[in-house]
Amino acid sequence: MTSDILLSSLQIATPELILAIGALVLLMVGVFSGERSASTVTGLAVAVLAVSGLWLIFAPTQGEAFGGAFVLDPFGRFMKILALIGSLVSLIMSSVNSRADKLNQFEFPVLLVLATLGMMLLISANDLIALYLGLELMSLALYVVAAFNRDSVRSTEAGLKYFVLGALSSGMLLYGMSLVYGFTGNTGLANIAAVLSAETRSLGVVFGLVFILAGLAFKISAVPFHMWTPDVYEGAPTPVTAFFASGPKVAAMAVFVRVVTEAFMPVFADWQQVVVFISIASMLLGSFAAIGQKNIKRLMAYSSIGHMGYALVGLASGSQTGVSGVALYMLIYMVMTLGTFACIMSMRRDEGSLENIEDLAGLSSTNPFMAVVLTALMFSLAGIPPLAGFFAKYFVFVAAIEAKLYALAIIGVLSSVVGAYYYLRVVKLMWFDAPAGQFARTSGTLRLVFGISGLFVTAYVLFGGPIGTAATAAARTFF
């Protein structure tokens with residue numbers, strides 16, 4: 001690799017370099033300043049994430065780097081900006097009650113920056129080896145932050161479960177990659193597609209594809225690889241759960257889309273069956289399993305499983321409309337989820353944080369603003385028009401209908417109807433039940449986060465056009 005090629009590669013990967021260098025500098029600041037530097041390191045980590053995001057938005061560099069293993073295209077830029085926003089908001093929210101949540105250590109923001117670096121590499125991975133490196137960098141940091149509160153048995157258990165099951169999924173992913181490499185002789189996504197187009201598909205490639213999809217389905221917590229999600233969501237500190245539900249989900253879905261559309265489009269009929277199956281299973285389990293939940297974090301875990309199923313409806317269509325729908329869905333889902341978790345973090349009294357859904361009873365009389373916003377977010381998660389969640393589901397269902405996947409679209413709509421029950425139950429508790437007690441005063445930061453989220457989902461119909469245009473431009477990358 002000549003110096004010119006290396007320089008151009010580094011220029012394309014500048015946002016990742018900012019995060020990598022920033023994480024190392026922050027680590028040194030924390031080590032030499034001691035435990036009291038937690039708030040300083042958190043502030044600097046927010047600045048690093050913001051600079052990386054601004055570079056992505058205002059520096060229009062794109063192309064392939066490092067011999068084609070790394071690519072920055074409109075789809076990658078769109079999803080990276082989403083992942084950075086998710087990490088940034090999660091980190092800001094984590095600073096609110098960091099002492100109570102036992103997150104007031106300088107290692108925490110450094111781990112979040114490293115996890116975000118892994119997400120960015122994952123989204124831009126154009127080679128199976130680069131994909132695995134990005135995935136592991138993200139996952140290793142996530143395993144640690146899940147178990148960050150060492151004084152909590154639940155947190156430690158969550159981290160251990162996530163680590164063991166994550167190692168299993170990584171093994172499946174690697175086995176699938178080795179099969180694909182063995183039968184195609186390539187690890188580059190474009191090269192794999194070229195080989196599959198030039199010759200008849202072999203059974204070994206299909207097996208490899210299935211194992212790769214299984215490994216990626218684990219990261220987006222799609223059925224039947226969802227088993228870690230409820231326990232990890234419930235056990236991890238709430239700010240960590242908010243982080244899990246935003247950026248990593250976006251990155252995993254982005255690489256899922258990139259792998260099947262770039263490398264395996266010649267065997268579309270094979271992977272479409274797998275995606276349709278896990279989509280239907282995720283929608284149904286997410287809808288029915290959440291009904292009996294009493295812990296709101298577990299409720300959000302099953303909700304996220306269902307929502308990943310809805311997003312996969314768009315991908316199953318294998319069209320530009322479908323990929324555009326997936327990109328838009330992930331944006332709206334992330335905003336709704338961050339807003340909801342900001343409300344959950346506000347469920348706090350003097351004795352500590354609360355997680356039971358029953359604790360929201362009578363919220364409309366004790367905290368009307370939070371009740372109104374949480375009601376809007378619940379309606380949006382349920383997909384009720386004219387809120388943003390309705391448009392997210394509408395576009396993926398339209399893509400499925402255009403691809404003649406009528407059964408998938410019908411099952412999706414019926415699952416939405418079932419899922420609406422547990423969202424409306426939360427609304428009923430807030431507005432029609434007697435107050436269960438007043439929460440402690442909500443911090444301005446959390447009020448700002450859930451206020452902006454509520455405004456986004458209610459006013460989306462007014463400004464959704466440019467966002468939809470950006471999602472369409474991102475999807476055009478593959479078609």
Minimum side-chain heavy-atom gap Ser346-Arg447 below 4.5 Å: no
I want to know whether Phe58 and Trp55 have ring centres closer than 6.0 Å. no
Could you grab the distance from atom CG of Leu131 to atom CG of Leu216, nearest 0.5 Å is fine? 6.0 Å
May I ask you to check whether over 12 heavy atoms, not counting those of Ile129, lie within 6.0 Å of atom CD1? no
ring-ring contact (aromatic ring centres under 6.0 Å, His included) filter on Phe70, not counting sequence neighbours, yields none
If you measure only the distance, is there a donor-acceptor pair under 3.5 Å linking the side chains of Ser52 and Lys80? no
Only one of Tyr460, Phe397, Phe456 passes ring pair (Phe, Tyr, Trp, His ring centres under 6.0 Å) with Phe391, and that residue is Tyr460
Heavy-atom check, side chain of Val110 versus side chain of Val41, under 4.5 Å: yes
Which of these passes salt bridge (Lys or Arg N to Asp or Glu O under 4.0 Å) with Asp231: Lys297, Arg298, Arg154? Arg298
Would you say Phe478 has more than 12 foreign heavy atoms packed within less than 6.0 Å of its CZ? yes
Say whether, by atom type as modelled, one donor and one acceptor occur between the side chain of Ser246 and the main chain of Phe243 under 3.5 angstrom. yes
Pairwise distance CZ(Phe450) to OG1(Thr340) - rounded to 0.5 angstrom: 11.0 Å
To the nearest 0.5 Å, tell me how far His307 NE2 sits from Ile332 CD1. 11.0 Å
Parallel, tilted or perpendicular: which fits the ring planes of Phe244 and Tyr162, with parallel below 30° and perpendicular above 60°? tilted
